[in-house]
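Below, chain A is the first sequence line, B the second, and so on; all start at residue 1. Predicted model only: the values in this text are computed from it and were never measured.
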2 protein chains.
Amino acid sequence: MSSTGVCEGQPAGRGPGSAFLLAQLGAHAAYRFAERVAALDLTPPQVGLLRAVAADPGRSQQELAQNLGTPPTRLVGLVDGLEQRGVLQRRRNPADRRLYAVYLTDAGNTLLTEIGRVARAHEDAMLAALDDTQRAQLYTLLARIAADQHLTAGVHPGYRTLSPTDTKPA
Amino acid sequence: MSSTGVCEGQPAGRGPGSAFLLAQLGAHAAYRFAERVAALDLTPPQVGLLRAVAADPGRSQQELAQNLGTPPTRLVGLVDGLEQRGVLQRRRNPADRRLYAVYLTDAGNTLLTEIGRVARAHEDAMLAALDDTQRAQLYTLLARIAADQHLTAGVHPGYRTLSPTDTKPA
DNA sequence: TATTGTTATACTCTATAACTATA
DNA sequence: TATAGTTATAGAGTATAACAATA
């Protein structure tokens with residue numbers, strides 16, 4: 001079990017509190033998801049990029065960086081790796097040759113389908129303790145909080161980075 | 001807004017899914033909490049240690065490390081900092097002089113009270129969108145999942161580390 | 001001169017391994 | 001020799017700053 005470390009503790013006197021449970025479960029969910037996509041030889045940041053490209057193909061690296069909330073420099077290596085792997089493609093914009101437009105390849109689309117499968121399995125495993133009614137309840141509550149907290153669309157900041165080598169099926 | 005980076009994206013076709021929302025909200029909660037305790041000049045790992053000591057005073061660093069799931073080496077610096085600050089205290093065990101027993105000082109207990117206040121404010125802010133009934137519902141659902149996933153007591157692995165300098169009120 | 005993408009650099013955090021002292 | 005704690009080292013990951021090409 002590759003732990004990250006010393007952290008938090010429940011609010012002294014009474015039990016944990018929902019905010020703490022949220023943080024604890026969120027870290028757990030992120031970790032488990034990282035394990036699963038590692039089987040596809042992917043890290044969460046790579047998955048995020050693939051999905052961002054799929055959501056709106058042809059954007060420049062600058063646009064992607066802004067959308068994902070990351071410094072543009074970081075996208076370089078990310079795109080590099082996925083391009084060498086043949087799932088992403090950079091195309092020069094003839095009108096403005098400074099820009100690259102980033103697209104998924106066919107292999108990229110196939111990979112994305114795999115990712116979808118993995119995500120569904122992950123979702124199922126995470127919610128195993130709840131019946132359908134409870135799952136719907138939970139979703140409603142979480143969505144309400146997310147909206148209230150102004151969380152952007154589907155962008156997740158701060159997934160714990162889990163190196164693929166660290167990931168031999170726990 | 002000091003972001004961590006490119007990550008994830010919602011399950012392509014349909015909406016986000018609860019597992020993703022959980023991860024997203026969890027990261028958000030951890031981040032916000034880190035901001036709040038930074039006002040007390042503390043990091044989440046420090047808070048975790050303080051609470052662990054409070055929960056069972058007098059344990060050795062080895063025991064604390066095991067309880068928190070972190071390498072013992074890491075506790076050294078953590079205890080050092082909090083001891084210099086006067087909120088923790090190391091006492092030699094006369095029976096076995098290799099061991100230290102770690103205790104809270106009076107200042108440490110005061111600080112812990114502050115932390116409790118901060119944690120309650122955090123909880124309130126996170127759940128602002130929900131009424132009392134909904135809060136109770138959410139808590140029940142989260143606790144059920146946490147139990148099912150075998151999450152240890154009140155230990156949170158993987159809080160995003162937020163350096164106090166990074167923390168000028170967002 | 002401004003902007004896209006890139007490379008180079010530095011910094012933070014954490015873990016692993018080597019060392020000291022007690023037993 | 002084994003164990004508690006410490007120090008020293010190295011690694012992963014990220015951000016900041018300097019650079020080249022294009023506009």
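Using a 4.0 Å cut-off, some side-chain N or O of R90(B) falls inside it from OP1 or OP2 of dT6(D). Not one side-chain nitrogen or oxygen of T70(A) sits closer than 4.0 Å to the OP1 or OP2 atom of dT14(D). For R98(B) and dA23(C), the shortest distance from a side-chain N or O to OP1 or OP2 is not below 4.0 Å.
Closest contact between the side chain of P71(B) and the listed nucleotides dA23(D), dA15(C), dG5(C) involves dA15(C). Distances were taken from every side-chain heavy atom of R97(B) (C-beta onward) to each of dT7(D), dT22(C), dG5(D); the shortest belongs to dT22(C). Proximity note for R74(A) (side chain, C-beta onward) versus dG5(D), dT22(C), dT14(D): the nearest is dT14(D). If you check dT6(D), dA15(C), dT6(C) against the side chain of Q61(A), the one that comes closest is dT6(C).
Rounded to an integer number of Å, the gap from L64(A) CG to dT6(C) C1' is 16 Å. Distance D80(B) CG to dT6(D) C1': 9 Å, rounded to the nearest Å.
The cationic atom of R92(B) (NZ for Lys, CZ for Arg) lies less than 6.0 Å from the six-membered ring centre of Y100(B) and within 45° of the ring axis.
T73(A) comes within contact range of at least one nucleobase, with a heavy-atom separation under 4.0 Å. The residue R92(B) sits apart from the nucleic acid: no heavy atom pair falls under 4.0 Å.
An angle of 30°, rounded to 10°, separates the two end axes of the helix from dT1(C)-dA23(D) to dA23(C)-dT1(D), each defined over five pairs.
Residues R85(A) and L40(A) share a closest heavy-atom pair of NH2-O, 2.7 Å.
Paired with L111(A) under the rule side-chain contact (heavy atoms from CB on, under 4.5 Å), one option of D106(A), V47(A), L50(A), L88(A) passes, and it is L50(A).
The pair E123(A)-R120(A) fails the salt-bridge criterion, with no side-chain N (NZ, NE, NH1 or NH2) lying under 4.0 Å from an Asp/Glu carboxylate O.
Looking only at side-chain heavy atoms (C-beta outward), R51(B) and I115(B) come within less than 4.5 Å of each other.
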